[in-house]
4 protein chains.
Amino acid sequence: MASVNKVILIGHLGKDPEVRHLEGGNSVANFTMATNEYYKDKQGTRVERTEWHNITAWRNLAELAEKYLRKGHQVYVEGRIRTRQYQDKDNQTRYITEIVAEEISMLGNGRAGAGENQPTNQPAAAETPTTFREEPELNQLPF
Amino acid sequence: MASVNKVILIGHLGKDPEVRHLEGGNSVANFTMATNEYYKDKQGTRVERTEWHNITAWRNLAELAEKYLRKGHQVYVEGRIRTRQYQDKDNQTRYITEIVAEEISMLGNGRAGAGENQPTNQPAAAETPTTFREEPELNQLPF
Amino acid sequence: MASVNKVILIGHLGKDPEVRHLEGGNSVANFTMATNEYYKDKQGTRVERTEWHNITAWRNLAELAEKYLRKGHQVYVEGRIRTRQYQDKDNQTRYITEIVAEEISMLGNGRAGAGENQPTNQPAAAETPTTFREEPELNQLPF
Amino acid sequence: MASVNKVILIGHLGKDPEVRHLEGGNSVANFTMATNEYYKDKQGTRVERTEWHNITAWRNLAELAEKYLRKGHQVYVEGRIRTRQYQDKDNQTRYITEIVAEEISMLGNGRAGAGENQPTNQPAAAETPTTFREEPELNQLPF
DNA sequence: TTTT
DNA sequence: TTTT
């Protein structure tokens, strides 16, 4: 049945992406990004709340993450919510909710918060494309 | 810093909403909704995967849920992702990710999958509005 | 530079889609869909305003439209805004804004408002998929 | 009937906003913003296409625009599509499609492309909030 | 636990 | 021109 599962996030990376190159040639990147919301508590004081999102990116998006994304960078991420279960060290079933990225864009100049975390192997040249979509075949993967 | 945390879901309720009326006059509703995705596995077989989302709705959205939403109904939910921690029975810290609804619309005729689950107190009349937004003051609440 | 141009619509078709099969094998479908908004005027009277959207769908989405979509059906359309210019009969430059569909889902039972407008050649069987995405190669087309 | 009319744009302002202060205390701002898409033409050459969007912002969003937004700034705009008609100088009915902003966020450092166009009256201090939502009463206005 |  |  028709359904929609869409997430749109704009925020900053909490750390450099961790990328694994899987046997078979696939890559997967994981990183966290923060979004902030503000509200007034009962006393009228402005309170900030930070939400941390676990992002998973596959294949060409993983490679983009590895090459260009660093801690502190501001990004747009479009994707879908996915909760998976795993066994913790006590063999208990636990759940983790992640955002599987389908599109990533680098915002700002792509270098906010950078510094010592500059990508060393492949700096983003002026003509670097800054929007990437998941390669379509990815939808065929059993994840 | 500017950020965006937006979720858009279309799916069906897995069960009737559970609504609690809090002291102080506030209400909160919880329900689950399913979205489905399809992909082809390595053998080319079409596989269906169901994702279950935990929805939390406050105040007027909670009342909408209580009055009109039932198991099986198709809904549009717009909201934001929120992960909160709690202590489980072994006093371990656990995390649960929820969607805090900011807008809910009833799709279709709003009665798919209905039947024995009809709302009894206030059936959706023809002129029932079918889109609801969170009342703005809600953003002031410390949740 | 990174940018996002995204539209999400849920509404009903105002008429059956018009589909043209282009030389070279491509297809394009055009239809209108209505969304409604409500507000209270200065006297507090509830007023309804209907917005009409021009939808353009290419290739496999055009074929979906031709086969399954009819006047009155409720659909989810995700796409992008595109304004193009043309010359009117007095050779004046005019502009028209359209939504180029990237994903279409049939909502409800897909048959609201149907009746005499049933698709005759290929009725939507129970197992008909109800979500369609634009084929990726479409992005290569010069439109 | 339930419907959704939602637009999400990220792009850069093409010019400084034009703001009018209406009798009765309301304000309205108009500006254009550009989004870019890339595709490959039949020869495989990468082509850029710029889409220009007409943005209309009311009340507190108009004041945000007046104070903080300048030509070249990168912004996130969430809103709804609205086509209105008007009479041109030859008394012909014409149509223009605009995006009525419901939320605006300033991205990047908010100063890309700035320079001689700095806001003079009220520079964005470090603690300036960078996300603004339309005040809810706005939905009551007959526009 | 939904839907097709 | 849709829907409720």
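Naming convention: chains lettered A, B, ... in sequence-line order (proteins, then strands); numbering from 1 in each chain.
- We find that the ring of Trp52(B) and the base of dT2(E) do not stack by the test of centres under 5.5 angstrom and planes tilted less than 30°.
- Listed nucleotides: dT3(E), dT2(F), dT4(F). Nearest to the side chain of Tyr38(C): dT4(F).
- Rounded to an integer number of Å, the gap from CG of Leu13(B) to P of dT4(E) is 14 Å.
- His73(C) places its NE2 atom 13 Å from the C1' atom of dT3(F), with the value rounded to the nearest Å.
- Side chain Thr32(C) to base dT1(F): a donor-acceptor pair is found below 3.5 Å.
- Of the candidate nucleotides dT4(E), dT2(E), dT2(F), dT2(E) has the atom nearest to the side chain of Asn36(B).
- Residues satisfying the side chain to side chain contact (heavy atoms under 4.5 Å, CB included) criterion with Asn5(A), sequence neighbours excluded, are Arg80(A), Ile81(A), Leu9(B), Thr35(B), Glu51(B), His53(B).
- As rounded to whole Å, 11 Å separates atom C1' of dT1(F) from atom CG of Asn54(C).
- The Lys15(C) side chain lies nearest to dT1(F) when the options are dT1(F), dT2(E), dT2(F).
- Here Thr35(C) lies out of heavy-atom contact (under 4.0 Å) with every strand.
- Between the side chains of Glu78(C) and Tyr76(C), a donor-acceptor pair is found at a separation under 3.5 Å.
- A straight line from CD of Glu37(B) to C1' of dT4(E) spans 16 Å, rounded to a whole angstrom.
- As a whole-Å value, the separation of Leu107(C) CG from dT2(E) P is 20 Å.
- The separation between Arg70(B) atom CZ and dT2(E) atom P is 16 Å, rounded to whole Å.
- A distance-only check finds no donor-acceptor pair linking the side chain of Asn54(D) to the backbone of Ile96(D) [under 3.5 Å].
- Asp88(B) places a side-chain N or O within 3.5 Å of a backbone atom of Asp90(B) that can act as its donor or acceptor partner.
- His53(C) places its NE2 atom 13 Å from the C1' atom of dT1(F), with the value rounded to the nearest Å.
- With hydrogens and angles ignored, no donor-acceptor pair under 3.5 angstrom links the side chain of Thr130(B) to the base of dT4(F).
- In this structure, Met106(C) places its CE atom 21 Å from P of dT2(F), rounding to the nearest Å.
- Considering only residues two or more places apart in sequence or on other chains, Gln43(B) meets the side chain to side chain contact (heavy atoms under 4.5 Å, CB included) condition with Asp41(B), Thr45(B).
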